[in-house]
Amino acid sequence: MRYSACIDMLFVPERADPAERIRLAKAAGFDAVEFWLWSNKNLDAIEDALGETGLTLAGIVAEPFAELTRTSDHQRFFDGLAQSRDVALRLGAKMLIAQGGPELSGVSRASQHDALVEAMSGSADVLKGSGLRLGLEPLNTRVDHKGYYLSSTAEGLDIVNAVNRPEIGLTYDLYHSMVMDEVPQEVMAGHIDRIVHLHIADHPGRNQPGTGGLALASAVNWLADNGYEGFAGLEYRPIGDSAASFEQTKAALRA
């Protein structure tokens, strides 16, 4: 498994400057880095650090955050996605992450589901020919994202399959999935090709693997054995030194 450091969580205690976090990730032995928002970063400095270290940018968040469950917010997202696409291409990223938005009161879940299918279809049009993929991300509603619509990986796959475009897949976060009591080997069986990107953290605490109770090693190894070849994004809050937490993570995932 090739690992990507989310520099909006790892190396944050060590350095305030995101570009310096890239250099620390290189020194720690990472293959890639990723981050959330691009609009709050010095892209020239990020580009320089990526070029200096030779690290791959695994992905970034597609801005702006939008209520994709609401069709009236789609065009705002498409306009921002075009900008995010151009930033990703400039920095050499191959994927973008999208979040679906809140569950809307007074609107049926069927209508919100259809709105997400429509949003992903329109997003595929924005990304067509770019070589970029967009990963729609289910999130847990039990701990971190109360009120979020898409908490089910199975429903996320239904949306992706309904769109059926190569530009669209899932960002599959083991932490969020397993907090929702999903079994990765069951929910992702036969759908590994739909994974655009993988995220990992333990529970409780959303810290590095080995600090909680999730069966992450078996899940990660199963994904790799069944064809997942992308990066594993470490999106956790490190307990202690970030570089040391990476060594703990690798040991835990080999268990």
Between side-chain atoms of residues 150-160 and protein atoms elsewhere (two or more places apart, or another chain), which donor-acceptor pairs fall under 3.5 Å?
unit_1: Ser152; atom_1: OG; unit_2: Ala154; atom_2: N; d: 3.3
unit_1: Ser152; atom_1: OG; unit_2: Glu155; atom_2: N; d: 3.0
unit_1: Thr153; atom_1: OG1; unit_2: Glu182; atom_2: OE1; d: 2.7
unit_1: Glu155; atom_1: OE1; unit_2: Arg109; atom_2: NH2; d: 3.0
unit_1: Glu155; atom_1: OE2; unit_2: His113; atom_2: ND1; d: 2.8
unit_1: Glu155; atom_1: OE2; unit_2: Tyr149; atom_2: OH; d: 2.5

Please tell me whether His176 and His145 form a close aromatic pair, meaning their ring centres lie under 6.0 Å apart. yes
Kindly write out the residues that satisfy ring pair (Phe, Tyr, Trp, His ring centres under 6.0 Å) with Tyr228, not counting sequence neighbours, or none if the list is empty. none
Any Pro13 side-chain heavy atom under 4.5 Å of Ser242 side chain: yes
Around atom NZ of Lys41, are there more than 12 heavy atoms from other residues, nucleotides or ligands closer than 6.0 Å? yes
Whether His74 side chain and Leu68 backbone form a donor-acceptor pair below 3.5 Å: yes
Shared-cluster residues of Val107, by chain and number - hydrophobic side chains joined below 4.5 Å: Leu104
Any luck finding a side-chain donor-acceptor pair between Gln83 and Asp79 under 3.5 Å? no
Verify whether one side chain among Glu34 and Ser4 offers a donor that lies under 3.5 Å from an acceptor in the other. yes
When you check the side-chain N and O atoms of Glu63 and Ser84, is any donor under 3.5 Å from an acceptor? no
Output yes when a side-chain donor or acceptor of Lys26 lies under 3.5 Å from a complementary backbone atom of Ile22, and no otherwise. no
Among residues at least two apart in sequence or on other chains, which ones pass side-chain hydrogen bond (donor to acceptor under 3.5 Å, both in side chains) with Ser108? Ser111
Between Arg206 and Glu235, does at least one N-O distance fall below 4.0 Å, as a salt bridge requires? yes
Value rounded to 0.5 Å, distance of CZ in Arg194 from CG in Asn161: 4.5 Å
Check Pro18 against Ile46 and note the closest heavy-atom contact, atom names and distance. CB-CD1, 4.0 Å
With rounding to the nearest 0.5 Å, note down the distance linking CD1 in Ile192 to OH in Tyr172. 8.5 Å
Looking at CG of Leu223 and CD1 of Ile195, how far apart are the two atoms once the value is rounded to the nearest 0.5 Å? 5.0 Å
Would you call Arg76 and Asp73 a salt bridge, taking side-chain N to carboxylate O under 4.0 Å as the test? yes
Point-to-point distance, once rounded to the nearest 0.5 Å, from CG of Asn226 to CD of Gln185: 9.0 Å
Candidate list Tyr236, Phe246, Phe30, test ring pair (Phe, Tyr, Trp, His ring centres under 6.0 Å), partner Tyr3, passing option: Phe246
Using modelled atom types and a 3.5 Å cut-off, is there a donor and acceptor pairing between side-chain atoms of Glu14 and backbone atoms of Arg21? no
Could you list the donor-acceptor pairs under 3.5 angstrom formed between side-chain atoms of residues 86-93 and any protein atom two or more places apart in sequence or on another chain?
unit_1: Arg90; atom_1: NE; unit_2: Glu47; atom_2: OE1; d: 3.1
unit_1: Arg90; atom_1: NH2; unit_2: Asp44; atom_2: OD1; d: 2.5
unit_1: Arg90; atom_1: NH2; unit_2: Glu47; atom_2: OE1; d: 3.0

Which is it for Asn140 and Tyr148 under the side-chain hydrogen bond (donor to acceptor under 3.5 Å, both in side chains) test, yes or no, and what are the steps along the way? CA-CA 8 Å; Asn140 84 78; Tyr148 186 72; over 6 Å; no
Taking the side chain from Thr69 and the backbone from Pro102, do they hold a donor-acceptor pair closer than 3.5 Å? yes
Consider side-chain contact (heavy atoms from CB on, under 4.5 Å). Of Thr171, Val196, Asp173, which one does Ile97 pass it with? Thr171
Any donor and acceptor pair, going by atom type alone, linking the side chain of Ser121 with main-chain N or O of Val117 inside 3.5 Å? yes
Which donor-acceptor pairs under 3.5 Å do the side chains of residues 127-135 make with protein atoms, sequence neighbours left out?
unit_1: Ser130; atom_1: OG; unit_2: Leu127; atom_2: O; d: 2.6
unit_1: Ser130; atom_1: OG; unit_2: Leu132; atom_2: N; d: 3.1
unit_1: Arg133; atom_1: NE; unit_2: Pro166; atom_2: O; d: 3.1

Which atoms form the tightest heavy-atom contact between Asp202 and Gly213, and what is the distance? OD1-N, 3.3 Å
Regarding Arg2 and the six-membered ring of Phe231, is the cationic atom NZ or CZ under 6.0 Å from the ring centre and inside 45° of its axis? yes
